[in-house]
Trainee: 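Quick one: the structure is below, and I'll ask about it shortly.
Computed from a predicted model, the values in this text were never measured in an experiment. Order of listing sets the numbers, starting from 1, for every ligand and every atom in it.
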Amino acid sequence: MTTIDDLPIRDDLRGMSPYGAPQLDVPVRLNTNENSYPVPDEVADAIGKALQAELRDLNRYPDRDAVALRAALADYLGHDLTTAHVWAANGSNEIQQQLLQAFAGPGRVALGFTPAYSMHPLLALGTGTTWVDGYRAADFGLSAAHAVEQIRKHAPDLVFLCSPNNPTGTALDPAVVAAVLDAAPGMVVVDEAYAEFARPGTPSALEVLPGHPRLVVTRTMSKAFGFAGGRLGYLAADPAVVDAVQLVRLPYHLSSLTQAAARAALSHRAALLGTVEAIKVERDRIVSVLRSRGLDVADSDANFVLYRVKSDQKTAWRALLDRGVLVRDVGLPGWLRVTAGTPEETDAFLNAMEELPQ
Ligand SMILES: *Cc1c(COP(=O)(O)O)cnc(C)c1O
């Protein structure tokens with residue numbers, strides 16, 4: 001049998017394994033921070049009509065520049081943003097890949113602060129970018145002083161920040177973003193996949209876009225919008241950044257079906273985002289119940305919670321799975337991450353946690 005190793009694959013990909021959160025068919029799936037609520041019927045109907053209206057024109061390529069969709073995304077974001085400030089792709093993963101292709105790549109350096117989103121280093125690898133880890137403190141904190149020190153040391157072409165941070169859940173102090181913007185010689189990408197779940201008073205980096213042409217804020221419809229299967233991510237930045245990613249995007253990267261479905265979803269955004277408050281209630285309940293049981297729990301501005309188990313995390317992960325609850329082992333010794341979903345899912349998770357050997 002032929003294996004990867006028999007192929008003339010790039011040396012830097014040899015021995016690697018693909019991104020792989022388990023997709024297991026269990027009753028309670030709380031491992032990829034999806035929105036547990038299905039798309040409401042009225043929105044599903046609207047998306048169906050929008051798709052139907054595209055079908056006869058599938059002989060034609062889609063709008064390469066996705067202008068109508070970008071206008072709708074700019075309208076959603078507010079902050080005086082226009083179509084020219086917004087770019088869209090098949091998930092924010094593709095957006096970040098395009099940013100690396102345009103601003104990093106072979107011979108260039110991207111810096112992140114782990115534990116953070118595990119795709120950032122993988123996207124760097126795939127684009128031939130050298131990845132440098134600036135690390136967070138043992139309590140997962142990231143101070144402005146530490147971030148600036150790492151930037152001075154490595155002079156990265158692109159810095160990834162993640163706020164609220166995955167997998168820890170906590171939003172960054174805006175002073176850290178400001179200090180990084182000041183110190184960074186290259187692009188600064190703030191991944192705000194979970195912005196809609198942040199606790200009140202948490203500012204978005206969108207607020208500091210004016211006057212910062214090297215700042216990029218990435219967002220997604222995969223989490224708060226409950227549209228992970230639709231694959232739609234986007235960025236907001238200076239229009240020059242949008243010009244730059246257009247140099248590397250595949251022509252017609254965003255199908256007319258994706259564009260139509262996302263536009264229909266955005267025009268029903270009140271219904272789609274209607275679950276956010278309920279999810280935040282479950283998030284806060286998970287934090288307070290686990291803390292009341294004496295566990296260490298990170299503060300969360302997201303739709304998930306990182307907590308420390310009393311045993312080895314692999315054993316606890318398996319024991320929860322045996323009870324029908326799938327959570328995420330993000331590879332942090334002693335810690336697990338659980339998505340906040342419906343009240344019933346929270347009950348199932350908390351009950352299963354209670355049954356774990358102490
Ligand atoms: C889930 C997630 C994303 C979303 O990626 P998509 O490609 O938009 O589905 C991006 N960043 C972080 C930190 C995430 O956790």
Side-chain angles (χ1 to χ4, degrees), residues 18-23 29-36 39 66 69 73 76-77 86-101 110 112-124 126-127 136 140 142 158-172 177 188-198 202 204-205 216-236 245 249 253-255 258-259 261-262 265-266 272 276 279 283 298 300-306 327-332 337-341:
Y19 171 89
Q23 292 193 304
R29 279 188 289 168
L30 300 175
N31 72 327
T32 50
N33 302 340
E34 293 154 330
N35 188 321
S36 289
V39 175
L69 172 59
L73 290 165
Y76 164 64
L77 288 178
V86 173
W87 180 246
N90 297 282
S92 51
N93 280 202
E94 186 180 21
I95 290 282
Q96 292 170 358
Q97 183 180 55
Q98 292 175 345
L99 289 167
L100 286 162
Q101 287 175 319
F113 302 92
T114 71
Y117 188 38
S118 60
M119 280 307 297
H120 296 159
L122 287 177
L123 292 166
T127 56
R136 288 167 170 260
F140 307 134
L142 178 61
L158 186 149
V159 177
F160 278 115
L161 297 174
C162 190
S163 182
N165 187 47
N166 179 9
T168 59
T170 319
L172 271 181
V177 180
V188 176
V189 178
V190 185
D191 183 337
E192 292 193 350
Y194 300 97
E196 287 89 349
F197 297 104
T202 311
S204 162
V216 187
V217 181
T218 67
R219 296 281 190 103
T220 182
M221 292 179 70
S222 295
K223 309 289 162 53
F225 278 89
F227 199 66
R231 306 305 300 129
L232 202 290
Y234 54 106
L235 67 72
V245 291
R249 60 109 166 86
H253 67 297
L254 208 48
S255 85
T258 302
Q259 294 186 39
L266 279 165
L272 284 175
V276 166
I279 291 167
R283 181 252 338 259
S300 179
D301 292 290
N303 67 340
F304 58 85
V305 175
L306 186 75
V327 299
R328 187 71 169 274
D329 175 359
V330 292
L332 284 177
R337 192 193 71 191
V338 62
T339 305

Trainee: Which parts of the protein, at residue level, reach under 4.0 Å of ligand 1 through a heavy atom?
Mentor: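 Correct list: G91, S92, N93, Y117, C162, N166, D191, A193, Y194, T220, S222, K223, R231.
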Trainee: Are any side-chain N or O atoms of Q96 and backbone N or O atoms of H120, one a donor and one an acceptor, separated by less than 3.5 Å?
Mentor: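 Absent.
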Trainee: Mark yes or no for whether R249, through its side chain, and A89, through its backbone, hold a donor-acceptor pair below 3.5 Å.
Mentor: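 Between the backbone of A89 and the side chain of R249 there is no qualifying donor-acceptor contact (under 3.5 Å).
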Trainee: If you measure only the distance, is there a donor-acceptor pair under 3.5 Å linking the side chains of N33 and R328?
Mentor: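 Checked: N33/R328 side chains show no N/O donor-acceptor pair below 3.5 Å.
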Trainee: First locate atom CZ of F160, then atom CE of M119, and finally report the distance between them rounded to the nearest 0.5 Å.
Mentor: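 The CE atom of M119 is 9.5 Å from CZ of F160, to the nearest 0.5 Å.
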Trainee: Going by salt bridge (charged side-chain N to carboxylate O under 4.0 Å, His left out), name the residues that satisfy it together with D301, two or more places apart in sequence or in a different chain.
Mentor: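 Listed in chain order: R199.
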Trainee: Do any N or O atoms from the side chain of R283 and from the backbone of A302 form a donor-acceptor pair under 3.5 angstrom?
Mentor: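 Flag set: sc R283 to bb A302 pair under 3.5 Å.
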